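Here's the structure we're looking at; comments come further down.
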Amino acid sequence: MDKLVLEQVGFIMGDWIPKEASIAIAVEGKYVYYKAGKRDLHIGLGDKVLPGSIAARTYIEGKRIEMLVEESVLGAAYFGVGYPIEVAGKAGVLVIILPPDHMIQPKQPVHFLTGKVEETWRPVPIDRISHIESSQKKTWFYAEEETYCSIHTLKYLKDRLPDLFLPIHRSYIVNISFIKEISRDFSSNYLMTMKDGSILPISQNYVSTVRERLGF
């Protein structure tokens, strides 16, 4: 990626990220672009990606990384977001660098879900929903003996549901108000029975969280 293209990338990104942000792009462990903002880390072209930095973490984990980095890593504390990218067929990372006190806008909580039943769409208040399920690449929620299909994924909803909702499995989130009882099956696995009669498995990965939240 030549210098002109990199500058265009920086200009475009600068149009939608906070004005105080710095933008860095690294390819194969070395920085190839840097546009300084309010939080200037004085990164030079050709500088190596340092261990402990967001760029390094993003390289290693190969996914979006959002974290606060201590002063000891690059000489100044900063908050940043790293994205894995590919540049001319080579592994790279894009890092947005912000002041350490930068506050990410909180995700807006949902107060209702709109679900499809046959050929109609109905908004349902969140407190009427007993549980939400991911099945066959679709999201379903259950309320008042009706089954609805939602356009949202379970991952999207997980961070936007009120505290009354509790993940119990990678495929299930339940409304605590609609839990009837928790029992064990013949293999000593936990099962959750809802007031509508649904029996849902509690994944081993969620048992400790469920027991802590429900106090048993």
Side-chain angles (χ1 to χ4, degrees), residues 52 54 56-70 79-84 93 96 102-216:
I54 290 179
R57 282 278 306 277
T58 306
Y59 265 121
I60 293 170
E61 300 188 25
K63 64 180 182 181
R64 181 182 183 277
I65 296 293
E66 181 178 309
M67 60 184 283
L68 178 68
V69 180
E70 296 179 357
F79 178 89
V81 185
Y83 302 88
V93 295
I96 310 301
H102 177 77
M103 296 297 294
I104 297 297
Q105 289 295 322
K107 296 175 181 178
Q108 294 298 313
V110 294
H111 300 290
F112 66 90
L113 289 180
T114 300
K116 186 176 183 181
V117 180
E118 296 180 350
E119 295 304 317
T120 63
W121 293 89
R122 302 176 191 171
V124 181
I126 204 72
D127 59 359
R128 296 184 186 175
I129 297 172
S130 66
H131 60 287
I132 308 170
E133 174 184 10
S134 175
S135 176
Q136 299 178 342
K137 298 183 179 181
K138 292 184 178 181
T139 302
W140 308 87
F141 65 89
Y142 304 84
E144 299 170 345
E145 300 184 357
E146 192 70 80
T147 301
Y148 300 86
C149 184
S150 172
I151 63 171
H152 298 301
T153 64
L154 218 60
K155 182 179 179 181
Y156 171 89
L157 293 173
K158 186 176 179 180
D159 296 330
R160 293 170 172 83
L161 292 167
D163 289 341
L164 272 177
F165 283 81
L166 174 66
I168 65 168
H169 188 281
R170 66 180 181 180
S171 299
Y172 298 104
I173 300 176
V174 303
N175 185 335
I176 295 174
S177 300
F178 287 85
I179 297 173
K180 180 180 179 181
E181 61 184 22
I182 299 170
S183 58
R184 290 182 183 268
D185 62 13
F186 61 89
S187 299
S188 293
N189 295 314
Y190 285 102
L191 297 175
M192 182 175 288
T193 302
M194 307 301 291
K195 291 179 181 179
D196 66 359
S198 301
I199 300 176
L200 312 176
I202 301 176
S203 168
Q204 289 295 329
N205 294 333
Y206 289 85
V207 167
S208 60
T209 301
V210 170
R211 295 192 64 171
E212 182 180 352
R213 282 285 303 277
L214 299 182
F216 71 97

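All residue numbers in this chain count up from 1 along the given sequence. Here the structure is a predicted model, which means the values were calculated and not measured.
Partners of Tyr190 under the ring pair (Phe, Tyr, Trp, His ring centres under 6.0 Å) rule, at least two apart in sequence or in another chain, are Phe216. In this structure Phe165 satisfies the ring pair (Phe, Tyr, Trp, His ring centres under 6.0 Å) test with no other residue, sequence neighbours excluded. Looking at residues two or more places apart in sequence or on another chain, you find a ring pair (Phe, Tyr, Trp, His ring centres under 6.0 Å) between Tyr142 and His131. A search for ring pair (Phe, Tyr, Trp, His ring centres under 6.0 Å) contacts involving Phe112 returns nothing, not counting sequence neighbours.
For CD of Glu181, the number of neighbouring non-hydrogen atoms (other residues, nucleotides, ligands) closer than 6.0 Å is greater than 12. Other residues, nucleotides and ligands contribute at most 12 non-hydrogen atoms within 6.0 Å of the CG atom of Asp163. For Arg170, the CZ atom counts as loosely surrounded, since its 6.0 Å shell holds 12 or fewer non-hydrogen atoms of other residues, nucleotides or ligands.
Here Leu166 contributes atom CG and Ile173 contributes atom CD1; the two are 9.0 Å apart, rounded to the nearest 0.5 Å. If you take CE on Met194 and OG on Ser177, they are separated by 9.0 Å, rounding to the nearest 0.5 Å. In this structure, the separation between NZ on Lys180 and CG on Asp196 is 10.5 Å, given to the nearest 0.5 Å. Note that CG of Leu113 is 7.0 Å distant from CG of Leu161, once rounded to the nearest 0.5 Å.
The shortest distance between side-chain heavy atoms of Val81 and Ile54 does not fall below 4.5 Å. For the pair Asn189 and Gln204, the minimum side-chain heavy-atom distance is below 4.5 Å. A heavy-atom distance below 4.5 Å is found between the side chains of Lys63 and Ile65. Side chains of Leu214 and Ile176 form a contact here, defined as non-hydrogen atoms less than 4.5 Å apart. Pro201 is listed as a side-chain neighbour of Tyr172, based on a closest heavy-atom distance under 4.5 Å.
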Show me the donor-acceptor pairs, under 3.5 Å and distance only, between side chains in residues 117-125 and residues at least two apart or in other chains.
unit_1, atom_1, unit_2, atom_2, d
Thr120, OG1, Val117, O, 2.9

Do any side-chain atoms of residues 145-155 form donor-acceptor pairs under 3.5 angstrom with protein atoms, and if so which ones, sequence neighbours left out?
unit_1, atom_1, unit_2, atom_2, d
Ser150, OG, His152, N, 3.1
Thr153, OG1, Tyr156, N, 3.1

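Considering all non-hydrogen atoms of both residues, Ala56 and Gly52 come closest at CB-N, 4.1 Å. The minimum heavy-atom distance between Tyr206 and Ile168, with the atom names listed, is CB-O, 3.5 Å. Minimum heavy-atom separation, Ile126 to Asn175: O-ND2, 4.0 Å. Across every non-hydrogen atom of Val210 and Pro167, the tightest pair is CG2-O, 4.0 Å. Closest of all the heavy-atom pairs between Arg128 and Glu144 is CD-OE2, 3.3 Å. The two residues Ile182 and Met192 make their nearest non-hydrogen contact at CD1-CE, 4.0 Å.
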Could you walk me through whether Leu200 and His169 satisfy the side chain to side chain contact (heavy atoms under 4.5 Å, CB included) test, starting with their C-alpha distance in whole Å, then the side-chain angles of each, then the deciding distance to 0.1 Å, before giving a yes or no?
CA-CA 9 Å; Leu200 312 176; His169 188 281; over 6 Å; no
For Tyr83 and Ile96, what are the C-alpha separation, side-chain angles and deciding distance, and is it a side chain to side chain contact (heavy atoms under 4.5 Å, CB included)?
CA-CA 9 Å; Tyr83 302 88; Ile96 310 301; 4.2 Å; yes
